[in-house]
**Student:** 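Dropping a structure here in structure tokens format, bear with me for questions.
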Amino acid sequence: MENVDRIKSEEMINRIDGRLTKNKIVKGLFFIATLFTLIMLVVLLYRIIAQGAPYLSWDFLQNFASRRPEQAGIKAAVIGTIWMMAVVVPTAAIFGVGSAIYLEEYAKKNTLTRWIQMNISNLAGVPSVVFGLLGLTIFVRLFGFGNSILAAGFTMSLLVLPVIIVASQEAVRAVPNELKEASYGLGATKWQTISRVVIPYAIPGIATGSILAFSRAIGETAPLIVVGIPTFVAFLPSGVFDSFTALPMQIYNWTSRPQEEFHNLAAAGIIVLLVVLIMMNSVAVWIRNRYQSR
Amino acid sequence: ADTGTEEGEKTEQTDAGDAQLQGEISIDGSSTVYPIMEAVAEEFMLEQPDVKVTVGLSGTGGGFEKFIAGETAMSNASRPIKEEEAAALKEAGIEYTEFELAKDGLSVVVNKDNDWVDQLTVDELKKLWLDNGTAKKWSDIREGWPEEEIKFYSPGTDSGTFDYFDEVILDGGQIDKAATLSEDDNVLVQGVTGDKNAIGYFGYAYYIENKDSLKVVPIVNEEGTAVEPNAETIESGEYAPLSRPLFTYVSNAAIKDDAATAAYVQFTLENAAALAEDVGYVSLPQEKYDEQLSTLEGLK
Amino acid sequence: MPFIGVLGLKGAIGLKTKEKELSPVQELLEKKYNGGFLNRREKIIPIILFFMAAVSVLTTLGIVLTLIFETITFFGDVSVVEFFTATEWYPFSETEAVYGIWPLVLGTLKITLIASLFAVPIGLAVALYLSEYAGVRTRKIMKPILEVLAGVPTIVYGFFALTFVTPVLRDLFPSIELFNAISPGIVVGIMIIPTIVSLSEDALSSVPEPVRHGALAIGSTKWETASKVIFPAALSGILASIVLGISRAIGETMIVSIAAGSTPSAALDLTSSLQTMTSYIVQVTTGDAGFGTTIYYSIYAVGFTLFVFTLAMNALAQFISKRFREEY
Amino acid sequence: MVLTAVNSKENNQKVQTENVLVYNTKGLNLWYGDHHALKNINLKINEKEVTAIIGPSGCGKSTYIKTLNRMIDLVPGVKTNGSIEYRERDIFNKDFFVEELRTRVGMVFQKPNPFPKSIYENIAFGLKIHGIKNKQIINETVEKSLRGAALWEEVKDRIHEPAYGLSGGQQQRLCIARCLALEPDVILMDEPTSALDPVSTLKIEELIQELKQQYSIIIVTHNMQQAARISDRTAFFLNGEVVEYDVTDTIFNSPADSRTDDYISGRFG
Amino acid sequence: MVLTAVNSKENNQKVQTENVLVYNTKGLNLWYGDHHALKNINLKINEKEVTAIIGPSGCGKSTYIKTLNRMIDLVPGVKTNGSIEYRERDIFNKDFFVEELRTRVGMVFQKPNPFPKSIYENIAFGLKIHGIKNKQIINETVEKSLRGAALWEEVKDRIHEPAYGLSGGQQQRLCIARCLALEPDVILMDEPTSALDPVSTLKIEELIQELKQQYSIIIVTHNMQQAARISDRTAFFLNGEVVEYDVTDTIFNSPADSRTDDYISGRFG
Ligand SMILES: Nc1ncnc2c1ncn2[C@@H]1O[C@H](COP(=O)(O)OP(=O)(O)OP(=O)(O)O)[C@@H](O)[C@H]1O
Ligand SMILES: Nc1ncnc2c1ncn2[C@@H]1O[C@H](COP(=O)(O)OP(=O)(O)OP(=O)(O)O)[C@@H](O)[C@H]1O
Ligand SMILES: [Mg+2]
Ligand SMILES: [Mg+2]
Ligand SMILES: O=P([O-])([O-])[O-]
């Protein structure tokens, strides 16, 4: 047994205690940091709910904006947001997935491709106000869409496009090579392989990434302000060329009114917005969990 | 809705109350005027549900930008149109008419616990707010006031309210650079409420809404009397020089060509008085509205 | 060519099993071989997809052109020298307007600095906790929660800063003004925490498990493994997440518009009101500035500066990921 | 067409027969970028036989078999010269669409790779991409292919359930069935049993013996016993070269090259 | 301490010696959730010998070896009962910190897993976490360990370059050197050569023979020739059970259990 207790045995055991304590302290600190972010979220939600919940009612969802707080509602804003998203979702999804497939499956690894790729990651970092300026100049003015659903929708589409491209690229890249090989091995053409194997497999990943991007689009205020969409809209749009208003605009407007009741309405509006967001995020999580185990 | 209907029926020349109109009216501009225009639009659409009115709040300048681009039929403003804007409209071939809708009394307020400020003259206001490169104390303004540093709260430099204050009090000079500026008047209310040495100014509506937590300062007018802002003194013009007019600018072509717009403007003028008060502004004397209604008739 | 196809098949099936008939599948496939595999779709689709990918390039081009034209107009009124050297930004004075971008840049930097000082340590701590210490369950629960935090609209954060964080700070340190850099800075930090956590966590957990096992198997504690092996290995991803977080902080608009005030200030002090590049743009677009005035054009010049900033951050990110790329 | 001596293991008699070639590889070289992975390969592969390719890891077995159906095209930066004739047609010829080649030449991979679809859809996939829409033909083919892969009895009650519910060995047989659906001429298999348990391996080996009646099979394996058990001919690869190619019995019992002997007897690899 | 007959392959004489145990596994059971992966394992492992563990895929070889240094703790939902004594101390005892156990018992994995650091740092790492800061001691230990892993000559000129620049076989030897730096008592190896080319494999095998002079080695391998070549004792696992455990020669030449014979002779696996 003489060779069992090797060098530094004593010392090593003495030090283990200290090392384990250090580990515990660090773990505790990290846990506190995690808890802190959770607490922030809870405080944030609590304050909003406490202020806004009493104002939530069926009428609130059913009414148009009004100068009388007790009659004011967010129907136009909710429906407007839905309309806007009806433009954003297909536009951004089609272009996003299309770009991702081009870059991952077709593009040669040359300078042009690298350049496009770099450009996309640049674009992802451009502030949303700047997209607002773009939307104002191109869609509102140059294309003459005015402050319509289409103008705002396209602006938001461009805003989320880079995020969706990147998420889709990751999803496409995650498709196991073996599946593509299986398809090619059966004599499938490239597009057949992409459309029948790659895309279906990547869809959950694409959806998860995109939903998170879309939920960002729903909450974005700055580009809408810059594009200049109106706030008082007491009718529902009947097409994409109609004017509309959106949830964040309505909320922003209410918070800047003198009357306290409007501030509470804003909180109620925020609750509605958050519910929409959490619903979207839940769908994303559900999709992710559902398909993760493949 | 009651006021609207009554007056709509009373005025014979109009068909706003009877015939069902259709169309779209796009309005944008001042956020100060927004609550009035929102109220008008709300009431109007109860009567004419097929006319789609939208009201935005891009600010007076932002509103004119769209008005010049021909994107809106009406543009709200919390100050008279500027020369550059008038010129641009001319160049764009847009003729327009200015309608005054109501008055806003810029209210100068201090903290509830401020027991020394009883009134202020225009000169004192100027002394207070004009930048002189150093921090000011209350004692610098009037003998006997405490030797405490003053904290200033002002609407953002890009608001109509600031513009107006700058023009009538500061003569276009530099506002105290230490002033806290905010685009959101509610924030100013909070600032003044929370600081004993604070002074601020903002629209009358914000004062009324928070009158329990603020102290409004009477302002000495040209006649030499200190006047507190309220509905009467603002309407009568006694509260001077800090009462400012609120406008909407309408495209003549829109009034002429579009029955809906014409009806809407008429409705606005007929109801502005009541609705302005509703949302915390002060109406004009009735003659003023009647006068503008006849101007409108001439444009149809 | 198709002729050879048939021959080939005869070769395949014919010779030895002469009596065998073609199955329906074979028959149909045979037709296809004869028809050839030329497919126009295969040629057109990549072209369509290329144009889709080009949209993002066009977007950048659009942004640059949009900004550049109006910026040029702006520099017709204001000298470039003044823009870059003057230390005052005071466009609204009718008599003595000054356009020196520095106060706005400084405002942006203050917010960004505070946000990063707040978010980077917390974000990394959370990421390390999730990837190295927490169980699968915790991770599965925390990730969506962080996503909610990331999805909360920034106006909501703005009011949170103004009506909660600022008063709390003012209770603690009465010298802090209503508008200051600290409160919105912290809240912008809270807003970017999810970005940092989520990307760093990805980077940490993509360090292969065997590497982790290697460290644990020679008797290191979790902390030793995490700090000395995993963290350095994931450095490039972690730095990229920080850069991305910072670039979101630079671009953040509503929080600062609401809670930081709107006083362009060249002072270094963090307790008083300031204005950032983004909040200036919002101020002007919702404000009173007349169309065609210098102020109106100034937002494009500011927007352009902002754009250059984000480009620089991105270049930094690219550099970092090249410089620190680890291969496992 | 060449005449060769075939030693089929089933009838241990040496029989002189006329053999039809499916593949004729002539002077094939292949580079991954600068790495010369296949060096002057010459191999003639007979119809309706099992040809095994053995050799240590990295010797180019997978590379060669992937070249036979041009799956190697998917790897960027690969260069080849020399020629491979499939049924006397040069597979590198522009007029020979890879899609046709791959339809005629099925492939089974090391790890079972069913699509994340139902069992049925996995097999119908190949038919559908080739434009076969007739429900009845598809149904019949699905059954026939599953039977052909000795899987029908095990899955017939759940062919609409996800393929991922099958065990590894079943999945591999499903992948074989997926090939069979297109009634290929040749089936290439790259270590088809290396990820499977012994029982599944045995089943697949039996299946290969079965399939040999109708198809030509080329199989890569690192398991020498397996090669010895199931193949008619064996090629021994080393460092991208064919060291020896002969009737399996000869390779295993009296190899001509000492390196083959070393490898076979486990002295390396 | 037990007396056992050891058949060391080097001196083909049977020698009666007194053996010291490093590990004594008594009635070990292990479950992954509901899956009973190890069933009543009883194994005594001798000091300064090479003990090989063989068996078909999924039989629990890796599970067992990972239990020996409690790396299995990293898998959530694992339950064990029974005991493992390392040098007469129960490794499941709370007072026995895993950090200590793992310092005394080194491990080499199937795929080389160097840290993404320089060669030098890879080896210094273990010393540093144990608080050894003296540059000279570290330098000496790095050299000694690299020599011990037969790697020094190949890398001495580039020990500050990234470890990922090494070939697979060199990386694996680096991982062995990393263990050696801590002068462990036992070295566990889980298929250490299965990802390596023949030449590298040979080197590692030689190294193992070398290391045996100083260390007790437990090696999992799927390569039976390898087990036969290098080990003193061999345990044959099947379905989570130890079917047979004996001197290697006995296992390979006259196994007591027919299942061992079947496996050895390649009838399955
Ligand atoms: N995509 C690739 N790029 C570059 N080199 C490659 C690529 N694929 C394989 N190689 C190299 O080509 C050589 C042959 O590889 P191949 O996969 O054909 O070997 P193998 O005989 O199938 O080995 P294994 O038994 O491990 O599957 C190896 O040296 C390998 O490193
Ligand atoms: N993390 C895990 N969770 C659940 N089951 C597991 C886990 N790891 C292994 N198993 C199961 O435990 C059994 C034994 O696995 P183990 O990895 O020990 O096998 P092995 O003998 O090392 O096989 P191989 O030769 O393939 O490495 C297998 O049936 C395996 O599926
Ligand atoms: Mg291979
Ligand atoms: Mg194992
Ligand atoms: O919106 P304003 O009234 O401040 O221009």
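Every chain is numbered from 1, with letters handed out A, B, ... down the list of sequences. What's counted below: heavy atoms across the whole structure, side chains too, no hydrogens, waters or symmetry copies.
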**Student:** Measure the acute angle between the ring planes of F50(C) and Y102(A), then classify it against the limits of 30° and 60° as parallel, tilted or perpendicular.
**Tutor:**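 Perpendicular: the ring planes of F50(C) and Y102(A) meet at over 60°.
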
**Student:** Let's go through I122(C) and V197(C) carefully: what are the C-alpha distance in whole Å and the side-chain angles of both, what is the deciding distance for side chain to side chain contact (heavy atoms under 4.5 Å, CB included) to 0.1 Å, and is it a yes or a no?
**Tutor:** CA-CA 9 Å; I122(C) 295 184; V197(C) 172; over 6 Å; no

**Student:** List for me each residue that meets salt bridge (charged side-chain N to carboxylate O under 4.0 Å, His left out) alongside K22(A), sequence neighbours excluded, and say none if there are none.
**Tutor:**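 Salt bridge (charged side-chain N to carboxylate O under 4.0 Å, His left out) list for K22(A), sorted by chain: empty.
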
**Student:** Out of L161(A), I32(A), I116(A), return the one with the most heavy atom pairs under 4.5 angstrom to chain C.
**Tutor:**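 Going by pairs under 4.5 Å, I would pick I116(A).
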
**Student:** For N281(A), which atoms come within 4.5 Å of any heavy atom of chain C: side chain, backbone, both, or neither?
**Tutor:** side chain

**Student:** Quick one: what part of P248(A) sits under 4.5 Å from any heavy atom of chain C, side chain, backbone, both or neither?
**Tutor:**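 For P248(A), backbone and side chain are both near chain C.
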
**Student:** Do Q318(C) and S121(A) have side-chain heavy atoms sitting under 4.5 Å apart?
**Tutor:** yes

**Student:** Look at L277(A), V97(A), V26(A), L20(A) and state which one has the largest set of heavy-atom pairs under 4.5 Å with chain C.
**Tutor:**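 Winner by heavy-atom pair count: V26(A).
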
**Student:** For M277(C), is it the side chain, the backbone, both, or neither that has a heavy atom closer than 4.5 Å to a heavy atom of chain A?
**Tutor:** neither

**Student:** Of the backbone (N, CA, C, O) and the side chain (C-beta and beyond), which part of L123(A) lies under 4.5 Å from a heavy atom of chain C, both, or neither?
**Tutor:** side chain

**Student:** Write out, in numerical order, the residues from residues 44-51 of chain A with a heavy atom short of 4.5 Å from a heavy atom in chain C.
**Tutor:** L44(A), R47(A), I48(A)

**Student:** Find the one option among I278(A), I120(A), L212(A), I225(A) whose heavy-atom pairs under 4.5 Å with chain C are most numerous.
**Tutor:**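 Most heavy-atom pairs under 4.5 Å with chain C: L212(A).
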
**Student:** For Q275(C) and Y280(C), work out which heavy atoms get closest and say how close.
**Tutor:** NE2-CA, 3.5 Å

**Student:** Identify which part of I63(C) has an atom lying under 4.5 Å from any heavy atom of chain A, answering side chain, backbone, both or neither.
**Tutor:**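 Both parts, backbone and side chain.
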
**Student:** Given that the side chain runs from C-beta out, which part of Y106(A) has a heavy atom under 4.5 Å from chain C: side chain, backbone, both or neither?
**Tutor:**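 Only the side chain of Y106(A) comes within 4.5 Å of chain C.
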
**Student:** Where does I218(A) contact chain C at under 4.5 Å (heavy atoms): side chain, backbone, both or neither?
**Tutor:**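 For I218(A), no heavy atom lies under 4.5 Å from chain C.
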
**Student:** Counting heavy-atom pairs under 4.5 Å to chain C, which of L103(A), V43(A), L142(A) comes out on top?
**Tutor:** V43(A)

